[in-house]
Amino acid sequence: MTHSQDPKSHLIALFQHAAGQFVQAEHLSIDLERPKQASHGDFACNVAMQLAKALKRNPREVAQAIVASLPASDLVEKTEIAGPGFINVFLKPAAWQNVALRVLKAGAQYGQVDLGKGEKIQIEFVSANPTGPLHVGHGRGAAFGASLANVLTLAGYQVQREYYVNDAGRQMDILALSTWLRYLTLGNQFVPFPANAYQGDYVSAMADSIYALHGERYMRPAAEVGANAPDAVSDPDGHLDALIANAKRLLGADYAYVHGHALEEQLGDGRNDLTEFGVLFDTWFSEKTLHESGLIDKAVKQLQQQGHIYEQNGALWFRSTAFGDEKDRVVLRENGIYTYFAADIAYHLNKFERGFERVIDVWGADHHGYISRVKGALTAAGADAERMIVTLVQFAVLYRNGQKASMSTRSGQYVTLRDLRAEVGNDAARFFYVLRKSDQHLDFDLDLAKSQSNENPVYYIQYAHARICSVLSAWGGSEADLLDANSARLEQPQELTLLRRIAEFPETVDAAARDLAPHSIAYYLKDLAAELHGLYAACQFLVEDEELKLARLSLIAATRQVIRTGLALLGVSAPERMSREDGGSVEDQPEKTGAAQENIA
RNA sequence: GCCCCCGUAGCUCAGUGGAUAGAGCAUCCCCCUCCUAAGGGGAGGGUCACACGUUCGAUUCGUGUCGGGGGCACCA
């Protein structure tokens, strides 16, 4: 048997053939792992232990039989049976040596796997209310979702990135009201500003701009704005709702302008922020269109016809307890307005109608109680809720000088994503955000993210890339010249280690896509960079021996390609040159990530 | 009360049911005449919270206990 592609799939085929004597191939999935210890070979197979019980034979005996019938291969150096029944496979150096050339030929395509098989998949993320600047929590969802989308794309999925715009709810009314109240003060119409309205400076800024554009046009007497409103202290929500109702009545058709202005400003601000962060969306889906197109009516009626809806206290309730929820939920409020939940049912039914095999929702961890009711409603409506996958992203807590730096109060006093990006740079922010499993709390160390030192994993990886660029530029040749390199000259232990690591990249992409775990890309890159630095310290690249030089250069050029692809998956730039600043200036610090993102999309 | 996440080295964390559990930082010791030292090499450091179970094998899966964090709206 000869090897067509990578060593692993080659070996799997060999084992499948050999194990065929015991079990039919379709019932067998061969599992090859990379042993932690080099003395256990390049790959270890546990199939003998798995078969031993069914066969009622000693696992080592089974291993013997399998080894005996392994087809001959020009990649395999030797096999060993070890421990309880592992079959350890040692490969000839040639098995790894050609990896570098494969990478150079494939270029940015290297790492592509066919896990998705072109399946249409949607990932919805961020979806923050456009009621104010994005904060550091949204940033994590953004970095995670964007990286995951990139990973899934490389893994063969047809990915659509979507942002759900909550442009229809009460929160938007509160923002419109808040803006208008600030505007009124510019005409000396003072209405006490409610504590539960939006307090941030950006609200006053919007009021200023409306005043600058339209002067007194939206001015109304302060006395009428607060008319008949319940007490702000004893009934803050009722107070706010009354003010909103008064605003709509007093402004009439002009209310839509104030509301629309606030929406566009905040949505535009968020979009710019995300774009600068290298986070791009294919679709911005408006909640308002769900109301206007009657999709929510349709969804609720559908549930109603199937007997999952009942009326109580003037509201319509969905019987979600029948689907595992702890409590039934309101879909149509007493005041005749649909809840966010109702919109979300229609929204998810609509996602499925748009032809996605699966939809991934990236939600903040505080929404976890929400999963069962949405899935329940989808099931009730006859959809397959299994196709909806919710990934919860836990909160990020910022630390500065060992102290918590994030204050999440409702008064607008939180650290924004823009502040964070300005402080640590896009690259560090993107990298640090995905350095932890998404479902785990993240301690974001601002000092570490900013430090231009070896402690900082972002620079460690980027520096590996820059070092390679520096060597290749000192050499001065073109990458095309490296395609003829004699890879058999790569024999040093550090060279073989690096070759193995590069060969592992497609498997890493596959696993990251399978587990929806972009953080494993970050860890892979740290390992890859470490091995590159190890090689750099051990071997000279620009040596006299022309053949050896080209072989080594082909290896580091391949490494550079994998680092580029990997960093692009995470939305982190791969600078060709890095220089350290003494005074802590960030002048030469790489910041742009947009280009990196586009390599993948 | 119910639900979710977590508990691995002094710290922050990796670890598809496999063999002697890893990395970075911190501590200690070494290495620039050489393609960027933002680098490399080495040492010490562990009851994988605890108990029971599942099995050839458990840090990994299940149950329970203890400890930490978060969530339970006619808000979105």
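Throughout, a chain's letter reflects where its sequence line sits, starting with A, and its residues are numbered from 1. In what follows, every heavy atom counts, from backbone to side chain, and hydrogens, waters and symmetry copies are set aside.
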**Report entry** Donor-acceptor pair under 3.5 Å, A/Asp366 side chain vs B/A76 base
**Finding:** no
Query - B/A19 base stacked by A/Phe86 (centroids within less than 5.5 Å, tilt under 30°) - result: yes
Report task. Compute both the distance and the angle, then confirm whether A/Arg373 meets the cation-pi test with A/Phe318: under 6.0 Å from the six-membered ring centre, within 45 degrees of the axis. Result -> no
Query raised in the report: Is there a stack between A/His368 and B/G71, judged by ring centres under 5.5 Å and planes under 30°?
Result: no
Requested in this report: Assign A/Tyr370 to base, sugar-phosphate, or nothing according to its heavy-atom contacts below 4.0 angstrom with the strands shown.
Outcome: base
**Report entry** Under 4.0 angstrom between A/Gln394 side-chain N/O and B/C4 OP1 or OP2
**Finding:** no
Query - B/C13, syn or anti by chi within 90 degrees of zero - result: anti
Requested in this report: Please work out if A/Pro59 contacts a base, only the sugar-phosphate, or nothing of the nucleic acid, heavy-atom cut-off 4.0 Å.
Outcome: nothing
Query - N-O pairing of A/Arg500 and A/Glu531 below 4.0 Å - result: no
Query - Distance-only donor-acceptor test (3.5 Å): side chain A/Asn46, base B/G18 - result: yes
Requested in this report: Determine the contact category for A/Ala466: base if any of its heavy atoms lies under 4.0 Å from a base atom, sugar-phosphate if only primed atoms, P, OP1 or OP2 are that close, otherwise nothing.
Outcome: base
**Report entry** Check: B/A14 base within 3.5 Å donor-acceptor of A/His519 side chain
**Finding:** no
Query raised in the report: Just checking A/Ala315: base, sugar-phosphate only, or nothing, at a heavy-atom cut-off of under 4.0 Å?
Result: base
Query raised in the report: Could you go step by step and tell me if A/Asp445 and A/Arg400 meet the salt bridge (Lys or Arg N to Asp or Glu O under 4.0 Å) rule?
Result: CA-CA 6 Å; A/Asp445 186 336; A/Arg400 181 182 282 116; over 6 Å; no
Query raised in the report: Counting any heavy atom closer than 4.0 Å, what does A/Trp475 reach on the DNA or RNA strands: base, sugar-phosphate only, or nothing?
Result: nothing
Query raised in the report: When you match A/Asn166 and A/Met49 each to their closest nucleotide on RNA chain B, which lands nearer the 5' end?
Result: A/Met49
Query raised in the report: Considering heavy-atom distances to RNA chain B, does A/Cys45 or A/Tyr523 have its closest nucleotide positioned more toward the 5' end?
Result: A/Tyr523
**Report entry** Salt-bridge contact A/Glu479-A/Arg560 (side-chain N to carboxylate O under 4.0 Å)
**Finding:** yes
